[in-house]
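Notes to accompany the following structure.
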Amino acid sequence: MARCHDLHCSQVGILQWLQLNLRLTSSWMEQFGREERCRLQAAVTRTLYGLMGRLKRILLWVLGVYITIPFIVKLCPSIQAKLVFLNFVRLPYFIDLKRPQDHGLNHTFNFYLQPETGVNIGVWHTVPDQMWKEAQGKDREWYDSTFKSPYPVMLYLHGNAGTRGGDHRVQLYKVLSLLGYHVVTFDYRGWGDSDGSPSERGMTSDALFLYQWVKERVGSKPLNVWGHSLGTGVATNLVRHLCDRGTPPNSLVLESPFTNIREEAKSHPFSMVYRYLPGFEWFFLDTISANDIRFASDENVDHISCPLLILHAEDDSVVPFNLGKKLYNIASQSKSLSGHKLQFIPFPVSLAYKHKFIYRSPELPHILSDFLGTTHPHA
């Protein structure tokens with residue numbers, strides 16, 4: 001019995017010792033946990049303060065840039081002019097404008113003309129698709145002689161950015177060629193491989209020179225003008241000049257047009273971040289005017305006296321649809337256009353033609369046939 005009692009006491013002692021150790025261990029772990037949590041919390045706090053500091057510096061830097069840009073544009077108006085013309089954006093890159101055949105235009109000839117001393121501009125002449133086989137391997141003399149054919153001519157004036165070799169432009173040349181048109185297009189001075197620096201006056205001068213050059217070769221055969229985007233401003237400048245002197249073209253087609261450059265600049269996606277900035281017009285729009293850039297199609301239509309067709313996609317985000325519609329409404333009140341055919345063709349959002357894909361419309365041949373009163377071989 002004494003041994004059992006001693007064993008029982010020994011077991012109780014061991015249990016008490018284990019319980020004490022467990023309490024001590026638990027206490028130590030709790031203390032250790034509190035210290036670790038404090039250290040972790042301190043580390044997280046330091047990290048958050050560091051991130052907030054960096055974020056604050058980034059936001060201050062962005063705000064500084066945002067505020068600085070309007071002043072830079074105002075002090076250096078030439079920057080704004082470059083943003084209007086975007087002639088330095090040459091897309092697609094690495095294109096050889098001397099080789100239109102690389103773009104599937106193997107019935108097109110590249111050459112250069114000189115609208116004024118020291119300025120050479122690059123030109124493409126695409127003959128009607130019906131002359132495709134005969135055009136293979138021919139020289140400029142042959143291409144010039146084809147203007148004597150009965151086919152009508154379309155002088156195409158492209159918009160800003162890129163060159164006469166831009167893909168959407170090439171696709172339109174192909175469509176017009178299939179419809180039986182000669183297509184003459186060029187890069188304004190300062191674009192593509194043309195010499196000089198861009199300006200509204202220079203672009204209009206180049207367009208007038210090309211029109212006269214073509215007119216001398218086609219004589220009384222139909223000569224039409226097609227402008228796209230910024231090229232619609234050049235086109236109305238050109239056609240106003242021609243109408244003022246009593247020699248209007250056979251028709252004018254405006255694809256994705258705007259009313260004037262101030263309204264277009266105010267509506268352009270690039271201006272979105274500054275549109276509601278106090279002084280927006282003074283900083284940006286007045287700077288455009290200071291560069292003598294107006295492209296006032298809304299004024300020009302009061303002087304145009306030839307058939308006018310306006311094409312505009314409702315989902316155009318570059319030149320908003322409402323500007324094309326507004327130009328049409330102004331044109332419909334023009335006395336000079338009274339008695340001339342005037343038509344506005346909208347393309348619904350569901351077609352997704354946006355700013356530069358109207359050439360994809362299967363209805364385009366019929367639209368042109370109905371408007372121009374001609375029968376196209378592939379319409």
If you define the side chain from C-beta out and look only at heavy atoms, does anything of [X] sit under 4.5 Å from [Y]?
| X | Y | result |
| --- | --- | --- |
| S305 | C243 | yes |
| V253 | L308 | no |
| N110 | R99 | no |
| E314 | S350 | no |

Suppose we call two aromatic rings close when their centres sit under 6.0 Å apart. Are [X] and [Y] close by that rule?
| X | Y | value |
| --- | --- | --- |
| F111 | W124 | no |
| F186 | Y188 | yes |
| Y274 | F280 | no |

Check: Please walk me through it: do S177 and H107 pass side-chain hydrogen bond (donor to acceptor under 3.5 Å, both in side chains)?
Finding: CA-CA 9 Å; S177 174; H107 54 320; 3.0 Å; yes

For [X] and [Y], does a side-chain donor sit closer than 3.5 Å to a side-chain acceptor?
| X | Y | result |
| --- | --- | --- |
| H125 | D144 | no |
| S289 | R262 | yes |
| N237 | E200 | yes |

Next item on the list: Indicate the atoms forming the closest heavy-atom contact of I288 with A265, along with that distance.
Entry: CD1-CB, 3.6 Å

Checklist line | Heavy-atom closest contact (T232 atom, S229 atom, distance) | finding: OG1-O, 2.6 Å

Next item on the list: Walk me through it: do W132 and N106 pass the test side-chain hydrogen bond (donor to acceptor under 3.5 Å, both in side chains)?
Entry: CA-CA 8 Å; W132 174 82; N106 49 9; 2.7 Å; yes

Checklist line | Derivation and outcome, side-chain hydrogen bond (donor to acceptor under 3.5 Å, both in side chains), residues T259 and D298 | finding: CA-CA 5 Å; T259 48; D298 50 354; 4.8 Å; no

Pairwise distance [atom1]([X]) to [atom2]([Y]) - rounded to 0.5 angstrom:
| X | Y | atom1 | atom2 | value |
| --- | --- | --- | --- | --- |
| D206 | I121 | CG | CD1 | 4.5 Å |
| S332 | Q343 | OG | CD | 13.5 Å |
| Q212 | L238 | CD | CG | 9.0 Å |
| L86 | L230 | CG | CG | 9.0 Å |
| L364 | L311 | CG | CG | 6.5 Å |
| L155 | Y181 | CG | OH | 13.5 Å |

Next item on the list: Taking the six-membered ring of Y143 (Phe, Tyr or Trp), confirm whether the NZ or CZ of R140 is under 6.0 Å from its centre and within 45° of its axis.
Entry: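 So R140 doesn't make the cation-pi contact.
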
Next item on the list: State whether W213 and R217 meet the cation-pi test: NZ (Lys) or CZ (Arg) under 6.0 Å from the six-membered ring centroid, and within 45° of the perpendicular axis.
Entry: yes

Would you kindly confirm whether [X] and [Y] end up in one hydrophobic cluster when ILVMFWY residues are joined by side chain heavy atoms under 4.5 Å apart?
| X | Y | answer |
| --- | --- | --- |
| L63 | F283 | yes |
| L210 | Y112 | no |
| L55 | L60 | no |
| W282 | I69 | yes |

Note to self: Is it the case that atom NZ in K215 sees more than 12 heavy atoms from other parts of the structure closer than 6.0 Å?
What the structure shows: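 Yes, NZ of K215 has more than 12 neighbouring heavy atoms, counting only those of other groups under 6.0 Å.
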
Item checked: Other residues, nucleotides, ligands: >12 heavy atoms within 6.0 Å of K221 NZ -> yes

Do the side chains of [X] and [Y] get close enough for a salt bridge, i.e. N-O under 4.0 angstrom?
| X | Y | value |
| --- | --- | --- |
| K356 | E255 | no |
| R164 | D193 | yes |
| D292 | R201 | yes |
| D316 | K354 | no |

Checklist line | Audit row: K174, L105, side-chain contact (heavy atoms from CB on, under 4.5 Å) steps and yes/no | finding: CA-CA 8 Å; K174 292 177 180 179; L105 294 173; 3.8 Å; yes

Has [X] got a side-chain atom pairing as donor or acceptor with [Y]'s backbone, closer than 3.5 angstrom?
| X | Y | value |
| --- | --- | --- |
| T126 | T108 | no |
| S256 | H228 | no |
| R90 | T163 | no |
| K138 | A135 | no |
| S369 | H366 | no |

Checklist line | side chain to side chain donor-acceptor pair (under 3.5 Å) involving R240 - partner list, sequence neighbours excluded | finding: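 Side chain to side chain donor-acceptor pair (under 3.5 Å) list for R240, sorted by chain: N300, H303.
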
Margin query: Using ring-ring contact (aromatic ring centres under 6.0 Å, His included), reason through H355 and H168 one step at a time and then give a plain yes or no.
Written below: CA-CA 10 Å; H355 183 59; H168 63 284; 7.9 Å; no

Margin query: Run the side-chain contact (heavy atoms from CB on, under 4.5 Å) test on S267 and L323 for me, step by step, so that the C-alpha distance in whole Å, both residues' side-chain angles and the decisive distance to 0.1 Å come before the verdict.
Written below: CA-CA 9 Å; S267 304; L323 291 186; 4.1 Å; yes

Item checked: H103/Y173 under ring-ring contact (aromatic ring centres under 6.0 Å, His included): CA gap, chis, key distance, verdict -> CA-CA 11 Å; H103 305 276; Y173 310 156; 10.0 Å; no

Next item on the list: List the steps and the verdict of side-chain contact (heavy atoms from CB on, under 4.5 Å) for L372 and N224.
Entry: CA-CA 10 Å; L372 300 173; N224 310 280; 4.1 Å; yes

